[in-house]
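Since the model is a prediction, treat every value here as computed from it, not as a measurement.
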Amino acid sequence: MLKEERQRTILNEVALHNKVLLTDIAEQLDVSIDTVRRDVKELDSDNKLRKVHGGAVALGFTNTTVRNNNIYALEEKRKIAEKALSFLKDGGVIFIDGGTTCVELACQIPANISLTCFTMSLPVAMELLLKPNVKVILIGGEVSKDSQISMGASAIHHLSEIQVDFGFIGTGYVDSVYGLTEFDWDIVQVKKAVIKASKKTILLSISEKLNSQHRYKTCEINAINTMITELDPVHERLNLFRNQEIHLL
């Protein structure tokens, strides 16, 4: 495979999943980790992604200083966020996860709605602070430099002491059989705690992530009450999920 093809694949995977591991890309491309490492280093130098220990992250995943439009599938994520607004009611208590789709939800919350919102995500918290009627409660813990969310035992403990009406979460991978999965064990533990703290869990996911899976399992698909994609709920790509105990929006 030519270098240009490898790098195009790397950029596509980073754009879709926000973060990738060198080992996964090497396996997918059937090349050495050193080859992938060189490609990632070059892409980093060209300011097309950011190299991190053992992998790479999308530029749009890390920028918290200004409103960032360098987001993969931004229009699709905005459509998902718009659909999710239907769950918000005055006086509600919600949780919003990290990730670019969840940031879009935070952006679209109407200024006149009164909410209490828990989050572990610094970018989400910064957006929510612009909403005059939203009380923002940041879940504390060790902050990941890559995803900019609180992690670890402290965050999980804080989540164990709350219950929210709706927990809006993202995922790296979702499959109708294997459920929600991630490649990061620590993220899985935090997401499990979020699901437990939520009366109802709403998954926000672009359709490109459907029918994909990774190492560590967050939950079965029927642990999610509603899955929101940018697709029409009757779209044929959602057929495999229609047999599950999950509402499609």
Side-chain angles (χ1 to χ4, degrees), residues 13 15-20 24 28 72-73 75-89 92-106 108 118-121 124 147 149 156 159-160 162-249:
E13 288 297 302
L16 178 58
H17 298 294
N18 292 321
K19 182 178 179 180
V20 297
D24 288 342
Q28 180 178 341
Y72 181 72
E75 289 308 311
E76 288 86 346
K77 291 174 181 180
R78 285 175 172 165
K79 187 172 183 179
I80 291 168
E82 185 178 344
K83 289 183 181 183
L85 294 178
S86 63
F87 291 92
L88 304 184
K89 308 297 180 186
V93 180
I94 65 172
F95 174 91
I96 300 181
D97 196 6
T100 50
T101 308
C102 288
V103 170
E104 285 305 314
L105 172 58
Q108 291 195 34
F118 290 85
T119 186
M120 303 174 303
S121 165
V124 167
S147 59
I149 64 172
I156 292 171
L159 287 164
S160 73
I162 66 173
Q163 186 166 63
V164 299
D165 301 321
F166 297 104
F168 296 93
I169 69 170
T171 188
Y173 306 81
V174 56
D175 184 83
S176 61
V177 175
Y178 294 97
L180 277 61
T181 54
E182 305 281 353
F183 66 73
D184 190 313
W185 177 254
D186 292 328
I187 288 178
V188 164
Q189 303 317 307
V190 173
K191 286 189 186 290
K192 285 179 182 288
V194 171
I195 293 169
K196 191 173 182 181
S198 305
K199 292 179 183 177
K200 292 185 177 181
T201 304
I202 316 297
L203 173 63
L204 311 180
S205 177
I206 60 173
S207 61
E208 281 188 70
K209 292 184 179 181
L210 301 180
N211 307 313
S212 65
Q213 59 179 290
H214 216 284
R215 293 182 181 86
Y216 304 124
K217 189 165 192 169
T218 302
C219 66
E220 300 285 353
I221 192 64
N222 57 17
I224 302 301
N225 298 91
T226 301
M227 182 172 73
I228 305 178
T229 72
E230 80 281 6
L231 302 176
D232 188 291
V234 299
H235 196 284
E236 61 180 10
R237 291 187 64 189
L238 296 170
N239 285 347
L240 292 175
F241 294 88
R242 232 176 294 282
N243 299 324
Q244 307 296 330
E245 298 174 9
I246 180 173
H247 178 59
L248 300 174
L249 185 60

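Here the closest non-hydrogen pair linking Ile162 and Ala197 is O-CB, 3.6 Å. Closest approach of Ser212 to Gly172, counting heavy atoms only: OG-O, 4.4 Å. Nearest heavy-atom pair, Cys102 versus Phe168, reported as atom, atom and distance to 0.1 Å: SG-O, 3.9 Å. Among all heavy-atom pairs drawn from Val174 and Met227, the shortest one is CG2-SD, 4.3 Å. Scanning all heavy atoms of the two residues, the minimum distance from Gly98 to Ser121 falls at CA-CB, 3.6 Å.
Side-chain atoms of Asn225 do not come within 3.5 Å of backbone N or O of Ile202 as any donor-acceptor pair. Here the side chain of Lys83 pairs a donor or acceptor atom with the backbone of Thr229 at under 3.5 angstrom.
Using a 4.5 Å heavy-atom cutoff, the side chains of Leu180 and Ile169 are in contact. You'll find the side chain of Leu248 stays beyond 4.5 Å of the side chain of Thr226, heavy atoms only. Residues Phe118 and Leu159 form no side-chain contact, since every pair of their non-hydrogen atoms from C-beta on lies 4.5 Å or further apart. Residues Ile221 and Ile246 have side chains in contact (heavy-atom distance under 4.5 Å, counting atoms from C-beta outward).
With sequence neighbours excluded, no residue forms a side chain to side chain donor-acceptor pair (under 3.5 Å) with Ser160. Applying the side-chain contact (heavy atoms from CB on, under 4.5 Å) test to Glu230 and every residue at least two apart in sequence or in another chain returns Glu76, Lys79, Ile80, Ile206, Ser207. Qualifying side-chain contact (heavy atoms from CB on, under 4.5 Å) partners for Tyr216, counting only residues two or more places apart in sequence or in other chains: Trp185, Val188. Looking at residues two or more places apart in sequence or on another chain, you find no side chain to side chain donor-acceptor pair (under 3.5 Å) involving Gln189. Residues that satisfy the salt bridge (charged side-chain N to carboxylate O under 4.0 Å, His left out) test with Lys77, not counting sequence neighbours, are absent from this structure. Remark: Ser198 pairs with Val164, Val194, Thr201 by the side-chain contact (heavy atoms from CB on, under 4.5 Å) rule, at least two apart or across chains. Here Arg215 pairs with Leu21, Thr23, Asp24, Phe183 under the side-chain contact (heavy atoms from CB on, under 4.5 Å) rule; sequence neighbours left out.
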* To do: Could you give me the CA-CA distance, side-chain angles and deciding distance for Leu238 and Leu210, then say whether side chain to side chain contact (heavy atoms under 4.5 Å, CB included) is met?
  => CA-CA 8 Å; Leu238 296 170; Leu210 301 180; 3.7 Å; yes
* Between Cys219 and Ile224, is a side chain to side chain contact (heavy atoms under 4.5 Å, CB included) present by the stated rule, with each step listed? -> CA-CA 8 Å; Cys219 66; Ile224 302 301; 4.1 Å; yes
* To do: Determine, step by step, whether Phe87 and Lys200 satisfy the side chain to side chain contact (heavy atoms under 4.5 Å, CB included) criterion, reporting the C-alpha distance in whole Å, the side-chain angles of both residues, the deciding distance to 0.1 Å, and the verdict.
  => CA-CA 10 Å; Phe87 291 92; Lys200 292 185 177 181; over 6 Å; no
* Which is it for Leu105 and Leu204 under the side chain to side chain contact (heavy atoms under 4.5 Å, CB included) test, yes or no, and what are the steps along the way? -> CA-CA 9 Å; Leu105 172 58; Leu204 311 180; 4.1 Å; yes
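For NZ of Lys192, the number of neighbouring non-hydrogen atoms (other residues, nucleotides, ligands) closer than 6.0 Å is greater than 12.
Sorted by first and then second residue, the salt bridge (charged side-chain N to carboxylate O under 4.0 Å, His left out) pairs with a member in residues 217-229 read Lys217-Glu220; sequence neighbours excluded. Among residues at least two apart or in separate chains, there is no ring pair (Phe, Tyr, Trp, His ring centres under 6.0 Å) pair with a member in residues 218-249. Evaluation of the side chain to side chain donor-acceptor pair (under 3.5 Å) test over residues 163-181, restricted to residues two or more places apart or in two chains, returns Thr171-Glu182. Pairs of residues two or more places apart, or lying in two chains, never qualify as salt bridge (charged side-chain N to carboxylate O under 4.0 Å, His left out) while including a residue from residues 235-249.
When each of Asp184, Asp186, Asp97 is checked for a salt bridge (Lys or Arg N to Asp or Glu O under 4.0 Å) with Lys191, only Asp97 meets the rule.
Met120 contributes atom CE, which lies 9.0 Å from atom CD1 of Ile187 (distance to the nearest 0.5 angstrom).
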